[in-house]
Amino acid sequence: MSQDHNYIYYGTKCDSGEVAQFLHHTLDANEAAEGQGRPKTPVCIWGAHGIGKTQLVEQVAQERGCKWAYIAPAQFEEMGDLVGMPQIVQESDGSRTTHFAPPDWAPREEGPGILLIDDVNRADDRILRGIMQLMQNYALVSWAIPKGWHIILTANPDGGDYSVTPMDFAMITRMMHVTMVFDVKRWAFWAEKHAVDPRGINFVLSYPETISQERTTPRTLVQFFESIQAIPNLRTEMGLVKMLADSCLDSTTVTAFMSFVSNRLSRLITPEEIMNATDFEREVYGPVKDQVVGETKRVDIISVICTRLVNYLTVSNRLLTDAQVNNLAQFLMIDFLPNDIRMNTLRELSASRNDSAVRIVRHPELGRLLLSATGSWSE
């Protein structure tokens, strides 16, 4: 995102994991309030385009077993798109009155459910006023949102180059707010879980600053990584790779990625290759040392490999053989691995809830190395 604008956000700036925790807590609180006959409070997630706000809400809905409804009010051209269409209804006393039929997006069944109002401040002012009534009353004109449903909104920041409609404080104060920011390690974990091209994960971990560009977002990067997934050797198809990158990303990011490929950094050793090596010195130690140890030690490469190793073990939660545990422990004992990265990796493995990861942390030779490094080991 351009840094030339004074963007206006609301709420604490959090990574995706913290936003998910915030959502679960506020949804629990809203369920308790509804059970006691008190009003529910909608939640608005602010953040730059393409960082995964919508996807995060969908994930939370799935985790909670919620039904799902979605609207993008920027696409609404008339108030009827929001409030529904009028129809004449014959009342029991014989009188005829006008009612509004719920629009097709409106939930019909009781929840639990989540209604996502996506990019709310891209709607025009008339629609925003109608949405404010919906948030306040969980109803519009003649119809109401069924029991058990929650309203979550997303919004882009005001005060910059986004085409948004400013929300006044009468609307702002009807919601709770949180701002979602990009966190590279959280993204890498998500990408590992969703089988994003490993070369793409390595690139983002190596060049996290590219995410700050206007066209380069987590969303456009995933689009690009999906487009190159079928190209086994990127160096032999540099022309095609550049065209694909240019179609999605900023020129600065494209240049960085082409350099990344040219310098063979896209071909970093994978967790599977470390685990399954039959000759550790030849298959792991040698190739990693060639990439890392030179005139200057490439600590960034080591950091990328270790992050992917932790994420892989956490996501897969697979049971490792003794040989695989031994290989991973040997990797963490490599002599050119900086101690701060070694310790941080071990802490993250300990917190991963993977039984095999715990076995790695408790490897006796690794334990002796750590004690020796801290000056606490004696024969």
Taking C-beta and beyond as the side chain, do L249 and T210 meet within less than 4.5 Å on heavy atoms? no
Any side-chain heavy atom of D158 sitting closer than 4.5 Å to one from Y10? no
K147 atom NZ, over 12 foreign heavy atoms within 6.0 Å: no
Consider only side-chain heavy atoms of I, L, V, M, F, W and Y, link residues closer than 4.5 Å, and tell whether I152 and I117 are in one cluster. no
Assess, by modelled atom type and distance only, whether the side chains of Q59 and E63 contain a donor and an acceptor separated by less than 3.5 Å. yes
Please collect all ring pair (Phe, Tyr, Trp, His ring centres under 6.0 Å) contacts where either partner lies in residues 109-135, sequence neighbours excluded, each pair once. none
Pair listing, ring pair (Phe, Tyr, Trp, His ring centres under 6.0 Å) test, anchored in residues 282-326, at least two apart: Y285-F336
With a 4.5 Å limit on heavy-atom distance, are the side chains of L244 and V241 in contact? no
Show me the pairs that pass ring pair (Phe, Tyr, Trp, His ring centres under 6.0 Å) and involve residues 17-41, at least two apart or across chains. none
Presence of salt bridge, E273 and R308, under 4.0 angstrom: no
Using side-chain heavy atoms (C-beta onward) and a distance below 4.5 Å, is N121 in contact with W46? yes
Worked verdict on R298 versus D300 for salt bridge (Lys or Arg N to Asp or Glu O under 4.0 Å): CA-CA 5 Å; R298 293 296 303 272; D300 57 327; 2.7 Å; yes
Are there more than 12 heavy atoms of other residues, nucleotides or ligands under 6.0 Å from atom CZ of R126? yes
Contact between C306 and E348 at the side-chain level, heavy atoms closer than 4.5 Å - yes or no? no
Please collect all side-chain hydrogen bond (donor to acceptor under 3.5 Å, both in side chains) contacts where either partner lies in residues 100-114, sequence neighbours excluded, each pair once. none
If you take all heavy atoms of I45 and K53, which pair is closest and at what distance? O-CD, 3.8 Å
Of all heavy-atom pairs between N156 and A48, which one has the smallest distance, and what is that distance? ND2-C, 3.9 Å
Side-chain donor/acceptor pairs under 3.5 Å, residues 74-87, sequence neighbours excluded:
residue, atom, partner, partner atom, Å
D81, OD2, E77, N, 2.9
D81, OD2, E78, N, 3.1

Strictly distance-based, threshold 3.5 Å: is any side-chain N or O of R174 a donor or acceptor partner for the main-chain N or O of A170? yes
Note: D28-R64 ion pair, threshold 4.0 Å (strictly below): yes
Using a strict 4.0 Å threshold on nitrogen-to-oxygen distance, state whether D322 and R359 make a salt bridge. yes
Of all heavy-atom pairs between V284 and P287, which one has the smallest distance, and what is that distance? O-CD, 3.3 Å
Heavy atoms of other groups near K242 NZ, more than 12 under 6.0 Å: no
Hey, does T253 have a side-chain heavy atom less than 4.5 Å from the side chain of F224? no
Hydrophobic cluster membership, L205 vs V222, 4.5 Å side-chain cutoff: yes
Besides V181, the hydrophobic cluster formed by Ile, Leu, Val, Met, Phe, Trp and Tyr side chains linked at under 4.5 Å, directly or via other members, contains none
Side chain to side chain, I274 and V288, heavy atoms closer than 4.5 Å: no
Are I334 and V292 close enough that some pair of their side-chain heavy atoms sits under 4.5 Å apart? no
